[in-house]
Amino acid sequence: MRITYNKKNKNCSSKGSCLDFEIQESWENEHRVVTLTAKEDITLRKAYESLPLKTNHHDYYFLNGYQSWTDTKEFKLAERLRNIKKSPHIIAKMFAMSAYGDVNFYRYSIKKSHGYDVFYSKGKHESFVYNNNFDTAYLIIEMIKDRRHTIRVISEVYGLKVKKGETIRLFDYYFFNSFLDGLKSFNVRFPPLNKEKIFGYSSWYNYYQNINEEIILRDLKALDSRFNLFQIDDGFETFVGDWLDVDKKKFPNGLAPILKEIHKRGFKAGLWLAPFVAEEKSKLFAEHKDWFIKDKHGHPVKSGGNWSGHYALDLTIEEVRNYIEKCLKHYMDMGFDFFKLDFLYAGGIQSYKGVTRCMAQKQAYKFLRLILKDKLVLGCGANIINSYGAFDYLRVGPDVSLIFDDVAYMRLFHRERISTKVTLQNTIHRSIFDQRLFANDPDVFLLRDNNIQLSPAQKEALIKINALFGSVLMTSDNIAEYDENKKKILGEALDIFLHASERSYEKHGCYIDIKYQLHNEEHGFTYNTKKGVLSNVR
């Protein structure tokens, strides 16, 4: 084990206990705990140690991405993680691509791959690792592509100040040499949540920001009693960040009459907001530039290139917290039941003074939960492990794209890019989290014929995999336009969503064999990850 740290503005390193701190460590029943007690005031940078794990080029390794949208699947040892180094620098800077994921604090290299907080291997050499120290630090599991193929764990404690006499947990994780034993332990540590399944509508993936009162009421009217949620997505506000300014041209009567109609039809009413960011064109950004996180030059920190470009609010500022609370409470008091909160990675886009990025993110999510109380909350663009205990539901992949893998140049972008191809693999491989850390939201299914380039076979794969591996089944279609075949596909998918059990999957190259029980019968199919279509089990 090695610890790097800062003392009196000097960089230091130690392999264990030293003059500046004392290390205590234990292994008990696959449970590894390491504590650090400071003898002097220090600021930690990183701690890491190797795992006694062998590797094999034919084995599969689950590498959990940093946040909701980050590509996540079972990788082979030789596969590389995409990152923005392949994107033109001027484009990457213009659209703030580095803001979405972990490239600003993790150094990518072709000689290693990595994942966060939950890791496993399948094949000749099995393993299962999960972080139990998520109140303090992310656990990065790193595969080093050297002659020894070392697997090591990193405690992401960068910036954590430890005062003289203070004790902190440096590592707290479980490590198993059996996938099934590890999964069993994980399921004991995170018992079933039994969150209600959501079958609903979202306005985003058809109209995007181009919604209005007429469209919303028309699509609401098309829903039948099988649905339990109608959610208004982005586009109701004038600009992102100005949440209390409803666009009068689109919604001349405001949202209250629509909310009343949603409840009248017996559905929960949902609303989309991105509470930690504001776009450049917003009134909030123009009037309160002092409310935003600043870089070392005093400039606001950009959190992404969406809309007119957006910036991250500084949650350590009381006025910022008061503003977010005011906006959320406004819609709570209006009567909304369900809140989809987006771009939440911005809560940890920059580590705050004296605490880790994980601690900052945890506090940010806890803050939202305290405001929203017993309302249903869907997190999106959020760090995975911090979402446990904070959100009822979590998006587990990037946005669905209207073509299978988006246009060619988009594939060079960041790991959090829009892609139906990527999100379907996330949906399958992150299914181990469903109803354990939170209830999984795999994003929408789309069966319509207009404004979409997915083939009929790809649309059928999308709805079936979403129904099988998620606890949220949403669409942005006007289902009044469905023909009999689409109604049949939807009915079959809804049956799977509500009644399927004993789900399992096994990866073989670009194919994933999937099995499940439905009405006491065994069913299955093979998913082709390259083409996005289903076939009979091979």
Note to self: ring-ring contact (aromatic ring centres under 6.0 Å, His included) for Tyr60 and Phe75? Distances and angles first, verdict last.
What the structure shows: CA-CA 5 Å; Tyr60 285 103; Phe75 291 80; 9.9 Å; no
Check: Does a side chain donor of either Asp102 or Tyr108 reach within less than 3.5 Å of an acceptor in the other side chain?
Finding: yes
Next item on the list: Quick one: closest heavy-atom pair of Val444 and Ser476, and the distance?
Entry: CG1-OG, 4.1 Å
Check: Is the closest side-chain donor-acceptor distance between Asn131 and Tyr116 under 3.5 Å?
Finding: no
Next item on the list: Would you please indicate if the ring centroids of Phe267 and Phe230 are separated by under 6.0 Å?
Entry: no
Note to self: Any heavy-atom pair between the side chains of Arg265 and Phe227 that's under 4.5 Å?
What the structure shows: no
Next item on the list: Give a yes or no on whether a salt bridge exists between Lys459 and Asp449, defined as a side-chain N under 4.0 angstrom from a carboxylate O.
Entry: yes
Notebook entry, point to check: What pairs meet the salt bridge (charged side-chain N to carboxylate O under 4.0 Å, His left out) rule with one or both residues in residues 307-328, with sequence neighbours excluded?
Noted result: Glu325-Lys329
Notebook entry, point to check: Between the side chains of Arg430 and Asn64, is a donor N or O closer than 3.5 angstrom to an acceptor N or O?
Noted result: yes
Checklist line | Minimum side-chain heavy-atom gap Asp443-Tyr205 below 4.5 Å | finding: yes
Margin query: Under the rule for side chain to side chain contact (heavy atoms under 4.5 Å, CB included), what residues qualify as partners of Lys260, not counting sequence neighbours?
Written below: none
Next item on the list: Please collect all salt bridge (charged side-chain N to carboxylate O under 4.0 Å, His left out) contacts where either partner lies in residues 365-389, sequence neighbours excluded, each pair once.
Entry: Arg369-Asp392
Notebook entry, point to check: Taking the side chain from Glu279 and the backbone from Gly241, do they hold a donor-acceptor pair closer than 3.5 Å?
Noted result: no
Next item on the list: Would you tell me whether Glu213 and Asn253 have side-chain atoms, one donor and one acceptor, within less than 3.5 Å of each other?
Entry: yes
Notebook entry, point to check: Looking at Tyr208, Phe339, Phe338, Trp243, which hits ring-ring contact (aromatic ring centres under 6.0 Å, His included) with Trp272?
Noted result: Trp243
Check: Does one side chain, of Asn132 or Asp172, offer a donor that lies under 3.5 Å from an acceptor on the other?
Finding: yes
Notebook entry, point to check: Do we see a donor-acceptor contact under 3.5 Å between the side chains of Asn206 and Asp477?
Noted result: no
Note to self: Quick check for you: to the nearest 0.5 Å, what is the distance between Arg436 atom CZ and Ser431 atom OG?
What the structure shows: 11.5 Å
Margin query: Are there over 12 heavy-atom neighbours, none belonging to Lys289, within less than 6.0 Å of that residue's NZ?
Written below: yes
Notebook entry, point to check: Roughly how far apart are Cys327 SG and Leu244 CG, rounded to 0.5 Å?
Noted result: 4.0 Å
Next item on the list: Could you tell me the separation between the CG atom of Leu462 and the NZ atom of Lys421, rounded to the nearest 0.5 Å?
Entry: 15.0 Å
Notebook entry, point to check: Is it true that a side-chain atom of Ser387 and a backbone atom of Asn383 form a donor plus acceptor pair closer than 3.5 Å?
Noted result: yes
Note to self: How long is the straight-line distance from CG of Asp434 back to CZ of Arg503, given to the nearest 0.5 Å?
What the structure shows: 7.5 Å
Item checked: Residue of the set Asn386, Thr136, Asp135 for which side chain to side chain contact (heavy atoms under 4.5 Å, CB included) holds with Cys358 -> Asn386
Notebook entry, point to check: For Ser185, what residues pass the side chain to side chain contact (heavy atoms under 4.5 Å, CB included) criterion, not counting sequence neighbours?
Noted result: Tyr130, Tyr174, Phe176
Checklist line | Residues in ring-ring contact (aromatic ring centres under 6.0 Å, His included) contact with Phe119, at least two apart in sequence or another chain | finding: none
Item checked: Donor-acceptor contact below 3.5 Å, side chain Ser303 vs main chain His310 -> yes
Note to self: Strictly below 4.0 Å, N to O, side chains only: are Lys268 and Glu196 in salt-bridge contact?
What the structure shows: yes
Note to self: Tell me which one of Glu416, His414, Arg417, Arg415 satisfies side chain to side chain donor-acceptor pair (under 3.5 Å) with Thr70.
What the structure shows: Glu416
Next item on the list: Indicate whether any N or O donor in one side chain lies under 3.5 Å from an N or O acceptor in the other, for Asn306 and Tyr100.
Entry: yes
Note to self: Tell me every residue that passes ring-ring contact (aromatic ring centres under 6.0 Å, His included) with Phe276, counting only those two or more places apart in sequence or in another chain.
What the structure shows: none
Checklist line | Basic-acidic side-chain contact under 4.0 Å: Glu492, Lys488 | finding: yes
Check: Does Phe190 have any ring-ring contact (aromatic ring centres under 6.0 Å, His included) partners at least two apart in sequence or in another chain, and if so, which?
Finding: Phe186, Tyr388
Next item on the list: Could I get the full list of ring-ring contact (aromatic ring centres under 6.0 Å, His included) partners for Tyr120, not counting sequence neighbours?
Entry: Phe62, Phe179
Item checked: salt bridge (charged side-chain N to carboxylate O under 4.0 Å, His left out) contacts in which one or both residues fall within residues 230-257, not counting sequence neighbours -> Asp233-Lys340, Asp245-Lys283
Margin query: With a 4.5 Å cut-off on side-chain heavy atoms, are Thr356 and Tyr158 touching?
Written below: no
Next item on the list: Sequence neighbours left out, what pairs pass ring pair (Phe, Tyr, Trp, His ring centres under 6.0 Å) with at least one residue falling in residues 431-455?
Entry: none
Margin query: Regarding Tyr311 and Glu280, do their side chains bring together a donor and an acceptor under 3.5 Å, going by distance alone?
Written below: yes
Checklist line | Beyond-backbone contact of Asp117 with Ile384, side-chain heavy atoms, under 4.5 angstrom | finding: no
Notebook entry, point to check: Are any of the side-chain heavy atoms of Ile479 and Leu223 separated by less than 4.5 Å?
Noted result: yes
Check: Have Gln425 and Thr529 got a donor and an acceptor in their side chains that come within less than 3.5 Å?
Finding: no
Check: Does any pair with a residue in residues 355-375 pass ring pair (Phe, Tyr, Trp, His ring centres under 6.0 Å), and if so which ones, sequence neighbours excluded?
Finding: Tyr365-Phe391
Item checked: Geometric cation-pi criterion Arg357 and Tyr138, 6.0 Å radius, 45° cone -> no
Check: Phe497 ring centre to Lys197 NZ or CZ under 6.0 Å, with the angle to the axis within 45°?
Finding: yes
Check: Will you find, in the side chains of Ser401 and Ser419, an N or O donor that is under 3.5 Å from an N or O acceptor?
Finding: no
Check: So how far is it from Arg82 CZ to Asp71 CG, rounded to the nearest 0.5 Å?
Finding: 8.5 Å
Margin query: Applying side chain to side chain contact (heavy atoms under 4.5 Å, CB included), can you list everything that pairs with Leu255, at least two apart in sequence or on another chain?
Written below: Ile232, Phe236, Val246, Phe251, Leu271, Tyr331, Met334, Phe336
Next item on the list: Show your reasoning for whether ring-ring contact (aromatic ring centres under 6.0 Å, His included) applies to Phe525 and His523.
Entry: CA-CA 7 Å; Phe525 54 82; His523 296 259; 9.9 Å; no
Check: Glu481 versus Asn478: any side-chain heavy-atom pair under 4.5 Å?
Finding: yes
Checklist line | Non-hydrogen side-chain atoms of Glu156 and Leu139 separated by less than 4.5 Å | finding: no
Check: How far does CD1 of Ile418 sit from OG1 of Thr423, to the nearest 0.5 angstrom?
Finding: 10.5 Å
Margin query: So Asn426 and Pro398, do their side chains get closer than 4.5 Å, heavy atoms only?
Written below: yes
